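Quick notes on the structure that follows.
Model, not experiment: these values are computed from the prediction. In what follows, chains are A, B, ... by sequence order, proteins preceding strands, each numbered from 1. For the numbers below, each heavy atom of this structure counts, side chains included, while hydrogens, waters and symmetry mates do not.
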2 protein chains.
Amino acid sequence: MTSQPLSRARIVAAAVELIEREGADAVSMRRIASELGVGVMSLYNHVPNKGALLDGVAESVLSEIGFTDDPEAHWSDRVRMQARAFRQIAHHYPRCTMLVVSRQLHTDAGLLPVERALATLRSAGFDGVDAVRVLRLFIAFIVGSLLREVGVTPTFAPVHEAAIDAEKIDPELFPEVSALSELLGSCDHEAEFAFGVELLIQAIAVHPARREGTR
Amino acid sequence: MTSQPLSRARIVAAAVELIEREGADAVSMRRIASELGVGVMSLYNHVPNKGALLDGVAESVLSEIGFTDDPEAHWSDRVRMQARAFRQIAHHYPRCTMLVVSRQLHTDAGLLPVERALATLRSAGFDGVDAVRVLRLFIAFIVGSLLREVGVTPTFAPVHEAAIDAEKIDPELFPEVSALSELLGSCDHEAEFAFGVELLIQAIAVHPARREGTR
DNA sequence: AGGGCGTGACGTACACCGTACGTTCCTCCG
DNA sequence: CGGAGGAACGTACGGTGTACGTCACGCCCT
């Protein structure tokens, strides 16, 4: 019946597929097992527990990031590319994004993006301390942005547009929110993300800790 | 036996206390009920379901932010203050932070910080569109930062220092990570956050969309 | 060739979860 | 005094993660 012999990779793939199809809290050992046409406890032959499975999901998704890093390009273009590449997981695997972001994993899949980013920042003229600083700043921004894009749909929801209902806001208490309710209600995530990335690039370009003129 | 007559506020308070004491996934209706010396189903007389309870927790924590906003101060100082105030919840309620951050709530408690921030940014010389943009940038950064500070401890963990074990990294594959492993292993969250806030303030101070000279 | 053994799939069992439903009791108002 | 409404409660159901014991199969070594 089951053609393939069952493996950690197949289990993780089934989990990813299930999460994207039905949301993160549809994931249960029984559900995944039945998805694979397999007994529940057979999963534990390849995965120590559910947490490790979710780690596997995060790692799998993260490792699919398509980095096309060109060490010859200008550092700002490299930063742009890496930020965009990282963001694309939020489009390919929107419902797995929370997992990738909330579980910090200490595996090579998580280290590779860090390595590329550090190399880029070093080439931009930062020393080690500041490269790490700036990297953490970027990661915080990216993580926060992805959470906004994706957190709108915690598990499932009918788009849920206009979370801020203009009608229910007291203009006396919240004049600004009330006046800007249209802007707050909708969000062009793409443009918002690009705005942030450009502003950050501009900011670190003029940062005094950077030694100008490198690469 | 039970002196107080049980209320939504008491239930939420017990949940917050329990989360801070034993972590987010120690929360169950039965656990909270027994914490209050009360039957499980009695909770449902004051709270429609568990999700609403968690929303209540997030709202409660969020509403405790101590804003001491001074409309007369320089906008950069106001931004600094607000960012710091927001971050303090990560210290007072570290294990609730994930809830505050991952559940977006459409209640006044969530709107008030937004209102203050928008007012500040308007006073800094941004029009509505850019005020919202910049606010979203700040929120993304703050959320990402708090998640790093707190996400290190998903539920419980023995500090878990040195997540990046310098010994296990192949210097061939990850030269930068290997060289900077000490820096990556430890993190002064306070300093890191301040660095980000200052850089962002500096960046928006010189941003062309801002009309110079206001307040 | 045959026996031992590791491995992987499986079923059962347990403690716990959220919550729908029906019951009881206490209080307050007419 | 009697009725009504709300609050606390107990029971029950379907679902969860996983510890444990069992079984069949293929490989290796004698």
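- Shown here are the side chain to side chain contact (heavy atoms under 4.5 Å, CB included) partners of A:Ala119, two or more places apart in sequence or in another chain: B:Glu176.
- A salt bridge does not link B:Arg148 to B:Glu192: none of the charged nitrogens lies less than 4.0 Å from a carboxylate oxygen.
- Rounded to an integer number of Å, the gap from B:Leu43 CG to D:dG10 P is 13 Å.
- In this model, the phosphate group of C:dC10 is approached by a side-chain N or O of A:Ser42 to a distance below 4.0 Å at OP1 or OP2.
- Between the P atom of D:dT18 and the CG atom of A:Asn45 lies a distance of 14 Å, rounded to the nearest Å.
- Classification of B:Glu22 and B:Arg95 as a salt-bridged pair fails, no side-chain N sitting under 4.0 Å from a carboxylate O.
- Going from atom CD1 of A:Ile32 over to atom P of D:dG15 covers 17 Å, rounded to whole Å.
- Taking only side-chain nitrogens and oxygens, B:His46 never comes nearer than 4.0 Å to OP1 or OP2 of D:dG6.
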Requested in this report: Would you mind building the protein contact string for nucleotides 13-29 of chain C? One character per nucleotide, 5' to 3', B for base within reach (heavy atoms under 4.0 Å), S for sugar-phosphate only, - for untouched.
Outcome: B---BBBBB--------
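- B:Ser76 and B:Arg80 are linked by a side-chain donor-acceptor pair at a separation below 3.5 angstrom, with hydrogens and angles left out of the test.
- What you find for A:Ala83 and A:Val197 is that their closest heavy atoms are CB-CG2, 4.0 Å.
- For residues 50-61 of chain B, the set of pairs meeting the salt bridge (charged side-chain N to carboxylate O under 4.0 Å, His left out) definition, not counting sequence neighbours, comprises B:Asp55-B:Arg103.
- As rounded to whole Å, 15 Å separates atom C1' of C:dG8 from atom CG of A:Leu36.
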